[in-house]
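Here is the naming used below: chain letters follow the sequence lines, and residue numbers restart at 1 for every chain.
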Amino acid sequence: MTAINFKQIEEKWQRRWADANAFDAELSSAKKFFFTVPYPYTSGPLHIGHGRTYTLGDIIARFKRLQGYNVLFPMAFHVTGTPILAIADSIARGEEEVVARFKEYIAIYEDADKVDELLNSFRSAENVANFFAARISEDFKRMGYSIDWRRKFNTTEPVYNKFIEWQFKKLYDKGVIKKGKYPITYSIVDDSAVGEDDIEGGDTEKVAVIEHTAIKFKLADGSYLIAATLRPETIFGVTNLWINPAARYVKLKAGDETWVVSKEAAEKMGLQKDEITVFDETEGSVFVGKIVKELVCGREVPVLPASFVDEDVGTGVVYSVPAHAPYDYIALEDIKKSESLELEPIKIIDIEGYELPAKEICERMGIESQTDERLEEATKIIYKDEFYRGVLNEKCGEFANVKIADIKDEVKDWLKRENIADVFYETSRKAVTRGGDKVIVAVLQDQWFIDYTPEWWKELGHKLVEGMTFYPEKYKTYMHDIVDWLAFRPCARKRGLGTQFPFEKGWIIESLSDSTIYMAMYTIAHLLRQLPVDALTEKFFDLVFLDIGDAQELSNELNVDADVLNRIKNEFMYWYPNDLRHTAPPHLSNHLVFFLMHHAAIFPESRWPRAITLNELMIREGKKMSKSKGNVIPLADVSELYGVDLYRLYCAINADFATVVNWREQDTEALRKKLNAVVELFEDSIDAESINEAELTHIDRWLLSRLYRRLRESVELFEAFRIREAGINIIFNAMNDIRYYEQRQDKDRRKKLVRSVMEEWLIILSPIVPHVCEEIWHELHESFISVQTLPELNEAFIDDRVEREEEYLVSLISDIKEILKVARLEPTKIYVYTAEDWKWVLFRAIKDLPDKDKIREAMKLRKDKSTVEFVKQVMKSKLDYFELGEPEVIEREKEYLAKEFGCEIGLNEEHDPKGKKRFAVPLKPAIFVEG
RNA sequence: GCGGGGGUAGCCGAGCUGGACAAAGGCGCAGGACUUAAGAUCCUGUUCCGUAGGGAUACGUGGGUUCGAAUCCCUCCCCCCGCACCA
């Protein structure tokens, strides 16, 4: 047998599918199935983890095709947003890390001598996008995906811009596009928003926007020292302020008040609030020793120096709560060593297990110095303990006796209402852009949002979700929750690639907001190219998508043939809605919920999406795949390293959708052997002549029954998206059946039998491993297997009785083996005694009775001591009832049994020296071994 | 914390609408067949006890419900994912 050259046949069939436009979907009278997978973002190569989703998607698409659906499976490319722009900028700046990474990426696809030139072209975002879009589409072709490529587009094309504009107009008309304030991460140097991808290390260590409460402390001159805190409820326990004597502080006008904050904080405030004017700058030491009045209880507390205060975190002023903050406690103790101070911690939180929490945690951890790094950890421990278990005590006025977790926001709101506090935003960690500029938080005063909160919208959303199918099902409930949780979402940015925001110049539509209903584009994208872009007006899309307006009228207005308009509209009307979208769970709370909500808002119910399937991610050798770990396998290498069908089989069989799949080299090898064995089986059987039904033996019938049953089950499993089980059934289990058969029968007969089920088998297998199936199929037929429809399976071969008989035999053999093993016998003759007729009569009579009634009922029929013994045996052996002519089966298989055990078999003979006969029960014969 | 998912044999992983489960499948390991040999393939075994098809103990921990629990409920411990404006 020659090993099949997978790579060669992959290329061959991919080429032939492409030449024949095998997967181009046209309108027809057949029932349609419009299937989508999210378009890839073209900022780099895809890896085998991404491939899992696309591969399972393709398997579904191919399965639907064999079920007779007219399947549309299109693809496009996502280009909008900031990452690609950030990449181009980084490359233009010559950032080493990015340059190195992209050289590597290019080298995946190109010869070494072209790398530098291409990299140079990557200074333009457009070139980055185009390069990867082209390579990814090559990858997809090489994976054998059955995509209709005529409909591809990318999200920066004018056609797409027009489509997105239309969509936003529809939303605007619904009144959900709004303006408001919004805090964002921001670079002062660039004067623009920065996203995760612009931040140094932003992909591994996220930077969040954190809301601090900025509390005012009144100085003698009427101005305020502003101390920012994450724990406003501790204001009741303040004993003093901390200020860094060496840092620079400024005075600023905020409204009609004068505030003192660090110089850095003032700069941030300038970007967070209107009307901030800085007018004076001094050193922190100026304030040391002054007395300030806290405005909650009106107590007077001193300002003390502290080295741990960072002028670039918060406002550079910190209020001290030594009872509950480890930093404050240690700093206070330090000062007390050199000066005599009358300050004592004020305990305001009662919590089990602590008297004075800050003191005790420091003592427990052995922290004694302000510079001890473990102070951070101590703070976290206390914070967490107090937040969830702590209760404010009687010193906290109206907030007393309430858990911190329940009262924190109320305290914060109250402080703001009383004008004792303001809001101050800070990043969750210190961060810089990839260009090295500081990242701070700015508040946009006029950010555009989509407001998902209107009642009507939520209701539609829930209705849509309720009417959909989700697999795995648990995601349906989850999606309802997400619909409820969704509120305001910024939908435009100042920077990035994308469509101009139609309602205000200078804004670009944010890239998840432009990827919500784009499936509609697939239905018509290839036709739109025939039209001038100017013709893609609001009325045009209204006509095509919503059937509003008249084609003839619009034809005159746009100067476009009415037939063309109708053709486009018909195409949309035929394909829409999206019957199934297949993706991964991380998209649930962003892309998918927008997908659903926007459909709910814009389209009538008949055009709402029908189903969503989701598969978990892929890891490799137990670890997450990531660039930084260097353990990524590019999709482009799959063909070379493993072979596409093997990869597809792995994706299909190794885990259910709901499970993270682990890519293990070792397992790929095991699977390769299995795949080879299957291919070999088919190749080996292909020339066999068909078998005459009249000459089928019991075991022949058994094999056919098993195989047809498996095929039938697999179709049902596929239908339910249980691809893993379907695959296991028609590969692993079916191969086991054949192996078993070969032990029972000779190979030539097997070939004939396999040949007789082979075509159906191949068709059902083809969604998973299309290339080898295509190859084998073509030894029999001219047409593509990939576009075959599965014929009716020959159900007549599925025969319960035949399978039961074989089961019976197997269990008899295993019983005998067990006896031989335990008794350590070399058999000279094996006696088998089947149950006598009266036992069968009773067996039938009591089979459906509950255990407790069985003996009584049996005794009614046959009054004898042996009846009781028999019924007890039946109950113990938990036999599943079915009718079987036991002696006939054993008689028929006597020869086989004799061969199996190398001795004579006696059936129901008188000879019974050990009195075993009486132990026989129906379906479980008694056995005596002589040896 | 909130929300979601888990913890199963040496390993990976099914089962988890309660009963036929000592627990699929794969890997590993051991023995055997084939082979000059290796590889590949196939067979057998892989908790413990047992000279008759049986029994005992097992599915993170500790309880509970039940005639019966890996499967249902509760306690605790541990792990993973998401918590947004970012594709």
Q | Atom P, compared across B:A30 and B:C21: separation rounded to whole Å | A | 30 Å
Using the C1' atom as the reference point in each nucleotide, state the distance between B:C73 and B:G18 in Å, no decimals.
13 Å
**Message:** Any side-chain N or O of A:Arg489 below 4.0 angstrom from OP1/OP2 of B:C86?
**Reply:** no
Its contact letters, B for base, S for sugar-phosphate only and - for none at protein heavy atoms under 4.0 Å, make nucleotides 44-51 of chain B read ------BS
Distance, P atom - from B:U65 to B:C74, rounded to whole angstrom:
15 Å
Taking the inter-plane angle between the rings of A:His587 and A:His591 on a 0 to 90° scale, is it parallel (under 30°), tilted (30 to 60°) or perpendicular (over 60°)? perpendicular
Identify whether any heavy atom of A:Leu512 sits under 4.0 Å from a base atom; if not, whether one sits that close to sugar-phosphate; answer base, sugar-phosphate or nothing. base
Scoring nucleotides 8-18 of chain B by protein non-hydrogen atoms under 4.0 Å (B base, S sugar-phosphate only, - none) yields ---SS-S----
When the ring centroid of A:Tyr518 is compared with that of A:Tyr39, is the distance short of 6.0 Å?
-> yes
Nearest-nucleotide check on RNA chain B, A:Ile816 vs A:Ser511; residue mapping nearer the 5' end is A:Ile816
Subject >> Near-ring test A:Phe168/A:Trp448, centroid separation under 6.0 angstrom >> reply: no
Given the options A:Lys916, A:Lys924, A:Lys821, A:Asp815 meets salt bridge (charged side-chain N to carboxylate O under 4.0 Å, His left out) only with A:Lys924
In this structure, are over 12 heavy atoms from other groups packed under 6.0 Å from A:Lys179 atom NZ?
yes
Regarding the side chain of A:Asp815, the nearest nucleotide among B:C86, B:G26, B:G53 is B:G53
Given 3.5 Å as the limit, does a donor-acceptor pair link the side chain of A:Thr36 with the main chain of A:Arg581, or not? no
Check your understanding: Rounding to the closest angstrom, what is the interatomic distance between B:A70 and B:A58 at atom P?
Key -> 9 Å
Rounding to 0.5 Å, atoms NZ (A:Lys178) and SG (A:Cys491) come to a distance of 12.0 Å
| message | Can you tell me whether the side chain of A:Asn733 and the base of B:A24 have a donor-acceptor pair closer than 3.5 Å? | response | no
With the side chain defined as heavy atoms from C-beta on, A:Ser589 is closest, among B:G82, B:A52, B:A87, to B:G82
Rounded distance in Å between the C1' positions of B:C12 and B:G6:
15 Å
Mind checking A:Ala926 for me? I need base, sugar-phosphate or nothing, with any heavy atom below 4.0 Å counting as a touch.
base
* To do: Determine the contact category for A:Phe928: base if any of its heavy atoms lies under 4.0 Å from a base atom, sugar-phosphate if only primed atoms, P, OP1 or OP2 are that close, otherwise nothing.
  => base
Check: For atom C1', what is the distance between B:C16 and B:U8, given to the nearest Å?
Finding: 11 Å
Considering only heavy side-chain atoms of A:Phe732, the closest of B:G26, B:C85, B:A87 is B:G26
Pair A:Lys751 + A:Asp684, salt bridge at N-O below 4.0 Å
yes
| message | Are A:Tyr452 and A:Phe594, when compared by the centres of their aromatic rings, separated by less than 6.0 Å? | response | yes
Check: At under 4.0 Å between heavy atoms, what does A:Pro925 touch on the DNA or RNA strands: base, sugar-phosphate, or nothing?
Finding: base
Answer for the Watson-Crick or wobble partner of B:U41, both distances under 3.5 Å, is B:A33
message: Parallel, tilted or perpendicular: which one describes the rings of A:Tyr650 and A:Trp663, with boundaries at 30° and 60°?
response: tilted
Looking only at B:A87, B:A40, B:G53, the nucleotide nearest the A:Lys673 side chain is B:A40
Taking a pair to mean Watson-Crick or G-U wobble geometry with both distances below 3.5 Å, B:A69 pairs with none
Which is true for A:His78 with a 4.0 Å heavy-atom rule: it touches a base, it touches only sugar-phosphate, or it touches nothing? sugar-phosphate
Note: for A:Glu510 and A:Tyr740 on RNA chain B, the residue whose nearest nucleotide lies more 5' is A:Tyr740
query: So, is A:Thr82 close to the B:A87 phosphate, meaning a side-chain N or O under 4.0 Å from OP1 or OP2?
result: yes
